[in-house]
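FYI, the numbering just counts along the sequence from 1. Because only heavy atoms are used, hydrogens play no part in the values below, and waters and symmetry mates are left out as well, while side chains stay in.
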Amino acid sequence: MLKNLNNETLEKAQKENKTIYLKISSKASYWSKKMAQESSDNQSVSELLKERFVVVNIDKDERPDIERYYQRVYLLMNRQAGGLPLNIFLTPNLEPFYADSYIAPTAVKQQLGFEELLRVISKKQITDYETLAQKGQEVLEFIHPKEEQIQATKLNINITKTIHLQSKELLDKNYGGFTKAPKFHNATLLELLLDVYELEKDTTILEMVLLTLDNMTKGGFYDTQHGGFYTYATNEAWTEAYEVKTTYDNATLASLYLRAYQLTNNKTYKTIAFKTLDFMITQQDNSKLFSLNDEKIISSWNALMVRALFKAGSIDKQYHIKALETLEALLSNFYLNGMLYHTKDIKAFLEDYTQLGETLIVAYQHTLDESFLIMATQFSNLIIEHYYQQAQWIFSTNEFKIRENIHDGILPSAIASALSLLLSISSLVDINYKKFVFKTLELHSFNLMRQPLSSPKLTQMVLRYLKDDIIVKSNEDLLKENIDKRETIGYPYILFKNSESQLFELWNSHSSLKQENSFDKVISHLES
């Protein structure tokens, strides 16, 4: 599966009969940095790797397809999920026979130290190669999940009761958040809860979110001096953090705090969001795109930043201008000859098309420029053609064909983002796109109805599918006069659509509901 990555390296492994050591890491991972430092500081380890192994280093953020594939290998070999770094040892014929996460320099309990492990593996390569190859072949036979019988259940709005009960049970009632230390922001879960609040106006749901937002910004997890959020808090009170910032975390959290401001009118949330965006803007490079520290510039992460800037732009126009500049730079640098790229050199994955597709919808909502809607429709057609397979979605179309899953990671599940895009296109362009949404939700309905918090963004799509979008149609001039009010309406699924009408027409995704002669009456109707 690495054949297209570096033929010269693989030929070297086969010619010299050396084990391939595949090291997958992330610059935002503490344990990745720790193991890399320990290895480089140990001269005997460095010499051993150089002498007896062929080393392949993979940046997880640059090649998430490879990371996902070999996380699957790790799961099969260890019967539990892996973390980062991910250390995979393969025969020269690419058969994986050993997988581990962080490996300490010296032995810990039953685990060998890294140098000792390298010596054992290099000896096995010489004395017992057939056993290693056989084990690797067994893993490869099971790498792709078998077709399972679908356990479908009816999608029902009662899912909100389960969301409420489970979130209340998981909530840290002292400091907010839904886990013990280390604590991550769980932004997609908080966004889901805000959807439920807007639909049901249950203040206990809002209180859970605000408790979390307030505690996350007291200092530590949030950088009170420079602005921006770190990757995660190392203690329950959010006051200590692993001090690495990422583009995707800050884009996601800026959007979340802006939404909280629009719902509560608490100016502290707006200040935090603006300070976060201002910090990010100072980190832009000459291409007007975003990357922090030594991050790669990644299209899906920049798409998230554009969305946050557009959201801020409905309050302060300087951010609207910055959003358009960044989107233009993103498209001109990463969308070339009808092909989208993940980085400058790597072709896009499902997450890139769906994140950028969602961003194009947001751009259309904030500008009413039809070219953004046309491109979003093109992206919808492309993902259905290349990534959709009988209600399943694959993450990439290259040699690492592995299914996308429904759980949110550092980015929301690309399946959920795909459905978000398709629901928007269904409401704005053609209702036939909704059949792909239904088939996907039906496939995962059993898990979603039982454990909605395990896949927060996909659960949002369940709510959106059941409640339906409200589309406000009118001529461009009338819509533009009220465009900044759209996100303040207390219903989470509202879209604007250009038409020739001199009135405001309210539609759901398949029929006309009402006409009003003023936008204030539209707001009153929707809020009632």
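In this structure the side chain of L84 reaches within 4.5 angstrom of the side chain of Q71, judged on heavy atoms. Between L292 and F279, the closest side-chain pair of non-hydrogen atoms falls below 4.5 Å. With a 4.5 Å cut-off on side-chain heavy atoms, D65 and I402 do not count as touching. The closest side-chain heavy-atom distance from F290 to Q283 is not below 4.5 Å. The shortest distance between side-chain heavy atoms of V472 and R486 does not fall below 4.5 Å. Side-chain contact check for L356 versus S299: every heavy-atom pair is 4.5 Å or farther apart. A 4.5 Å side-chain heavy-atom check between T162 and N158 finds every atom pair outside the cut-off. With a 4.5 Å cut-off on side-chain heavy atoms, Y353 and L421 do not count as touching.
Between the side chains of N381 and Y433, at least one donor N or O lies within less than 3.5 Å of an accepting N or O. Between the side chains of D477 and N475, no donor N or O sits under 3.5 Å from an acceptor N or O. Looking at Y222 and N215, their side chains never bring a donor and an acceptor atom within 3.5 Å of each other. Using a 3.5 Å distance cut-off with no hydrogens or angles, the side chains of D195 and Y493 do pair a donor with an acceptor.
With a 6.0 Å radius and a threshold of 12 heavy atoms from other residues, nucleotides or ligands, E527 has its CD atom above the threshold. More than 12 heavy-atom neighbours from other residues, nucleotides or ligands sit within 6.0 angstrom of NZ on K27. Environment of CD in E200: crowded, with over 12 heavy atoms of neighbouring residues, nucleotides or ligands closer than 6.0 Å.
Annotation: cation-pi pair K473/W507 present, NZ/CZ under 6.0 Å from the ring centroid and within 45° of its normal. With a 6.0 Å cutoff to the six-membered ring centre and a 45° limit on the axis angle, K245 counts as a cation-pi contact of Y230.
Here the side chain of S427 pairs no donor or acceptor atom with the backbone of S509 at under 3.5 angstrom. Looking at D408, its side chain does come within 3.5 Å of a backbone N or O of K457 through a donor-acceptor pair. Listed for the R259 side chain is a donor-acceptor partner under 3.5 Å among the backbone atoms of E191. For the pair N186 (side chain) and L189 (backbone), a donor-acceptor distance under 3.5 Å is absent. Checking side-chain atoms of E295 against main-chain N and O of T247 turns up a donor-acceptor pair under 3.5 Å. Side chain of S420 to main chain of A416: no donor-acceptor pair is present (N/O by atom type, distance under 3.5 Å, no hydrogens or angles). At least one donor-acceptor pair closer than 3.5 Å links the side chain of T231 to the backbone N or O of V244. In this structure, H366 contributes its side chain and S314 its backbone to no donor-acceptor pair below 3.5 Å. Judged by distance alone, the side chain of K201 and the main-chain N or O of G490 form a donor-acceptor pair under 3.5 Å. Side-chain N or O atoms of S32 include none that pairs as donor or acceptor with a backbone N or O of S25 at under 3.5 Å.
The shortest heavy-atom contact between T179 and F184 is OG1-N, 4.2 Å. Annotation for L211 and D172: closest pair CD2-O, 3.7 Å, computed over non-hydrogen atoms. Here the closest heavy-atom approach between residue W238 and residue H185 is recorded as CH2-CA, 4.2 Å. Taking all atoms of both residues into account, the shortest heavy-atom contact from L171 to G176 is CD1-CA, 4.1 Å. Listed here is the closest heavy atom pair of S255 and R307: OG-C, 4.4 Å. In terms of heavy-atom proximity, A308 sits nearest to A251 at CB-O, 3.7 Å.
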Original post:
Taking it one step at a time, do L331 and M375 satisfy side-chain contact (heavy atoms from CB on, under 4.5 Å)?
Top reply: CA-CA 11 Å; L331 292 172; M375 189 178 294; 3.7 Å; yes
Subject >> Test log, rule side-chain contact (heavy atoms from CB on, under 4.5 Å), inputs F334 and D352 >> reply: CA-CA 10 Å; F334 285 84; D352 299 298; over 6 Å; no
Original post:
Where do T367 and I483 land on the side-chain contact (heavy atoms from CB on, under 4.5 Å) test, with the steps shown first?
Top reply: CA-CA 8 Å; T367 65; I483 208 162; over 6 Å; no
**OP:** Please test Y248 against Q355 for side-chain contact (heavy atoms from CB on, under 4.5 Å), starting from the C-alpha separation and ending with a verdict.
**Re:** CA-CA 11 Å; Y248 52 82; Q355 289 293 339; over 6 Å; no
**OP:** Could you walk me through whether S424 and R464 pass the side-chain hydrogen bond (donor to acceptor under 3.5 Å, both in side chains) test, one step at a time?
**Re:** CA-CA 10 Å; S424 295; R464 185 176 171 187; 2.9 Å; yes
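For D468 and K434, the salt-bridge test passes: some basic side-chain N is under 4.0 Å from an acidic carboxylate O. A salt bridge links K322 and E325; the closest N-O separation between the charged side-chain nitrogens and carboxylate oxygens is under 4.0 Å. Comment: E198 does not engage K467 in a salt bridge, judged by the lack of any side-chain N to carboxylate O separation of less than 4.0 angstrom. Under 4.0 Å is where a charged nitrogen must lie from a carboxylate oxygen, and between K317 and D484 at least one such pair does.
Shown are D469, V522, L526; of these, the side-chain contact (heavy atoms from CB on, under 4.5 Å) with I494 is made only by L526. A ring-ring contact (aromatic ring centres under 6.0 Å, His included) with F496 holds for exactly one of Y364, F504, F519; it is F519.
Rounding to the nearest 0.5 Å gives a distance of 6.5 Å between NZ of K497 and CG of L428. Note that NE2 of H510 is 4.0 Å distant from CG of N508, once rounded to the nearest 0.5 Å. Separating the CD1 atom in I281 from the OH atom in Y319 is a distance of 5.5 Å, to the nearest 0.5 Å. Here K270 contributes atom NZ and N266 contributes atom CG; the two are 10.5 Å apart, rounded to the nearest 0.5 Å. Here OG1 of T276 is found 7.5 Å from CG of L253. Values are rounded to the nearest 0.5 Å. Expressed to the nearest 0.5 Å, how far OH of Y69 lies from CG of L86 amounts to 12.5 Å.
Annotation: F274 is not in aromatic contact with Y261 [ring centroid separation under 6.0 Å not met]. Here F221 and Y175 keep their ring centres 6.0 angstrom or further from each other.
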